[in-house]
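Input: a single structure, listed below in structure tokens.
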Amino acid sequence: MLVKDRLRPTKKIYFKSEIKHCPHCESKLRRSHTAWHKKIATLNEVIEAWSMAYRCVNVNCSNLDALFKSAEAEALSPKHSAYGFDVLCLVGELRFKRHMTRKEIADELNERGVLTSERSAQNLYERYQTLLAASLDDHVKNTLAEVTEQNGGIVLSMDGVQPEKGNETLYVIREVFSGTVLVARNMKSGTAIELQTLIQPIIDLGYPIVGIVSDGQQSIRLAMETLLPDVPYQYCQYHYLKDIAKPVVDIDRKLKTELKKSMRGIRDTERKIEQGDSLEVEVAKGYVAAVRSLLLEDGNPPLDLPGMRIYEKAQAIQASLQKCLSKKGALSTRKHFQNIQ
């Protein structure tokens, strides 16, 4: 556990307002009191900072109660925090880019000379998430403004995903042109009235909505049509294609199973050649590795059928192997090889 008052400042700094005269009456500002005083740990040093508050001295000024503080001081650290914004940004990088745990983050900060604990590291991470969420709001608004300027409005898509039966459903609303996620929330109920609470804040942003896309879920359609009755509505083409292609996908799934079943003897071949070191053995090992990679192949039906992908690659491997054996002058490949058909 860290001792109380663990931060030992290397210097003291008094911050004054950068504004010297009242913006309303041009009178000179006078120091009123100390707005705040605290020790701040940055990546470079620990400082003891005072931020002085100033106010107008003109009793007839319409802005007499306004306080003016140093913008430089406010940019040092978040309110009610003893750590600088640079430390906060480092914590975010360590967590999201380098995937460090809370203990690893605390150890990294201590190695850099920023004294902290696991609990403080957790608090810094939570503050980083808060700042990130606030910045994302501004980013979303800027993105929607650009999309509106380019396309005359935004297009909304809405879908619900239930990980397991009985669990809450995750509903996601995206802007189609930019792919920006506008809302993502777990909902216990998927009724039209409940879904309207997700849609209404987006409408309140004020950007023109020129289209809506969703799957065939009735409650989503009803919620959208209730709030946006005049906006064109379209079923998601991917879901439509997926439903149409279901018989083909089922056949492809059987093909994939049968093809992989025919390759199960690959381990016996591996055992026979794993101790060899001749050129022929090395070539055989390459073909075995290629066949084994087929067992890991997968696709994204209905646009990319995994069974057909495995079939086509297996045919390519077989054609290459037959060509190799023909050059070698081996026995008839037709007699000794099972064709992929």
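Starting from 1, each residue takes its place in the sequence as its number. These numbers were taken from a predicted model, which means no experiment stands behind them.
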Legend entry - Audit row: Y125, F96, side-chain contact (heavy atoms from CB on, under 4.5 Å) steps and yes/no: CA-CA 10 Å; Y125 168 66; F96 290 107; 3.8 Å; yes
Inset, instruction - Walk me through it: do M158 and V172 pass the test side-chain contact (heavy atoms from CB on, under 4.5 Å)? - result: CA-CA 6 Å; M158 187 172 187; V172 180; over 6 Å; no
Legend entry - C89 vs D86, side-chain contact (heavy atoms from CB on, under 4.5 Å): CA-CA, chis, key distance, verdict: CA-CA 5 Å; C89 293; D86 55 349; 5.8 Å; no
Inset, instruction - Would you check, one step at a time, whether the test side-chain contact (heavy atoms from CB on, under 4.5 Å) holds for C25 with C56? - result: CA-CA 9 Å; C25 68; C56 182; 3.4 Å; yes
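Interatomic distance, S77 OG to R127 CZ, rounded to the nearest 0.5 Å: 8.5 Å. Remark: S27 OG to K20 NZ distance equals 16.0 Å, nearest 0.5 Å. Taking CD of E146 as the start and CZ of F177 as the end, the distance is 14.0 Å to the nearest 0.5 Å. Note that CZ of R55 and NE2 of H33 are 7.0 Å apart. Values are rounded to the nearest 0.5 Å. If you take OH on Y83 and CG on L124, they are separated by 6.0 Å, rounding to the nearest 0.5 Å. To the nearest 0.5 Å, atom CG of residue L115 and atom CG of residue L109 are 10.0 Å apart.
In terms of heavy-atom proximity, V281 sits nearest to I273 at CG1-O, 3.3 Å. In this structure, L170 and A184 approach most closely via the heavy-atom pair CD1-C, 4.1 Å. The heavy-atom pair separating E74 from S51 by the smallest distance is OE2-OG, 4.0 Å. In terms of heavy atoms, V140 sits closest to V181 at CG2-O, 4.4 Å. For V87 against A41, the heavy-atom pair with the smallest separation is CG2-O, 3.5 Å.
Other members of the cluster containing L67 do not exist, because no ILVMFWY side chain is joined to it at under 4.5 Å. W36 belongs to a hydrophobic cluster whose remaining members, ordered by chain and number, are I13, F15, I40, I47, L76; membership requires side-chain heavy atoms of ILVMFWY residues under 4.5 Å apart, directly or through intermediates. Other members of the cluster containing I19 are Y14, L29, W50, M52, Y54, F68, with ILVMFWY side chains joined at under 4.5 Å, either directly or via other members.
E45 has its side chain within reach of K11: a pair of non-hydrogen atoms, C-beta onward, lies under 4.5 Å apart. By the 4.5 Å heavy-atom criterion applied to side chains, T169 and N186 are not counted as neighbours. Contact of the V213 side chain with the L156 side chain is not registered, since no non-hydrogen atoms from C-beta on lie closer than 4.5 Å. Two residues are said to be in side-chain contact when any heavy atoms from C-beta on lie closer than 4.5 Å; T148 and P208 meet this criterion. Taking 4.5 Å as the limit, every side-chain heavy atom of I154 sits out of range of all side-chain heavy atoms of V210. With contacts defined as side-chain heavy-atom distances shorter than 4.5 Å, the pair K38/H80 does not qualify. A 4.5 Å side-chain heavy-atom check between K28 and V57 finds every atom pair outside the cut-off. Counting heavy atoms from C-beta on, the side chains of L294 and I317 come closer than 4.5 Å.
Within 6.0 Å of the CD atom in E149, the count of heavy atoms belonging to other residues, nucleotides or ligands does not exceed 12. Around NZ of K97, the count of heavy atoms belonging to other residues, nucleotides or ligands within 6.0 Å does not exceed 12.
Shown here are the side-chain contact (heavy atoms from CB on, under 4.5 Å) partners of I203, two or more places apart in sequence or in another chain: I199, Q200, I209, L227, L228. Under the side-chain contact (heavy atoms from CB on, under 4.5 Å) criterion, E111 pairs with E108, sequence neighbours left out. For S293, the side-chain contact (heavy atoms from CB on, under 4.5 Å) criterion is met by no residue, not counting sequence neighbours. Not counting sequence neighbours, the partners of D304 by the side-chain contact (heavy atoms from CB on, under 4.5 Å) test are N300, R309.
Using modelled atom types, one finds no donor on one side chain facing an acceptor on the other under 3.5 Å when comparing E118 with Q122.
Residue pairs meeting the side chain to side chain donor-acceptor pair (under 3.5 Å) criterion with at least one member in residues 171-183, sequence neighbours excluded: Y171-Q217, E175-S178, S178-T180. Among residues at least two apart or in separate chains, salt bridge (Lys or Arg N to Asp or Glu O under 4.0 Å) pairs with a member in residues 246-261 are K246-D250, D250-R253, K256-D298, E258-K261. Pairs of residues two or more places apart, or lying in two chains, that qualify as salt bridge (Lys or Arg N to Asp or Glu O under 4.0 Å) and include a residue from residues 214-224 are R221-E225. Pairs engaging residues 57-72 under the side chain to side chain donor-acceptor pair (under 3.5 Å) rule: E18-S70, H24-N63 [sequence neighbours left out].
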Contacts table for residues 190-198: side-chain donor-acceptor under 3.5 angstrom, sequence neighbours left out:
{"residue": "T191", "atom": "OG1", "partner": "E194", "partner atom": "N", "Å": "3.4"}
{"residue": "T197", "atom": "OG1", "partner": "E194", "partner atom": "O", "Å": "2.4"}

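Of the possible donor and acceptor atoms, one in the side chain of Y207 sits under 3.5 Å from a partner among the backbone N and O of K141. Checking side-chain atoms of T143 against main-chain N and O of H139 turns up a donor-acceptor pair under 3.5 Å. The backbone N or O of P78 sits nowhere less than 3.5 Å from a side-chain atom of S81 that would complete a donor-acceptor pair. Under a 3.5 Å cut-off, the side chain of K103 and the backbone N or O of M100 do not form any donor-acceptor pair.
Note on I212: it does not cluster hydrophobically with L222, by side-chain heavy-atom contacts below 4.5 Å among ILVMFWY residues. I251 and L255 fall into different hydrophobic clusters, where Ile, Leu, Val, Met, Phe, Trp and Tyr are joined by side-chain heavy atoms under 4.5 Å apart, directly or via other members.
Ionic pairing of R98 and E93 is not present here: no N-O contact between side-chain nitrogen and carboxylate oxygen is shorter than 4.0 angstrom.
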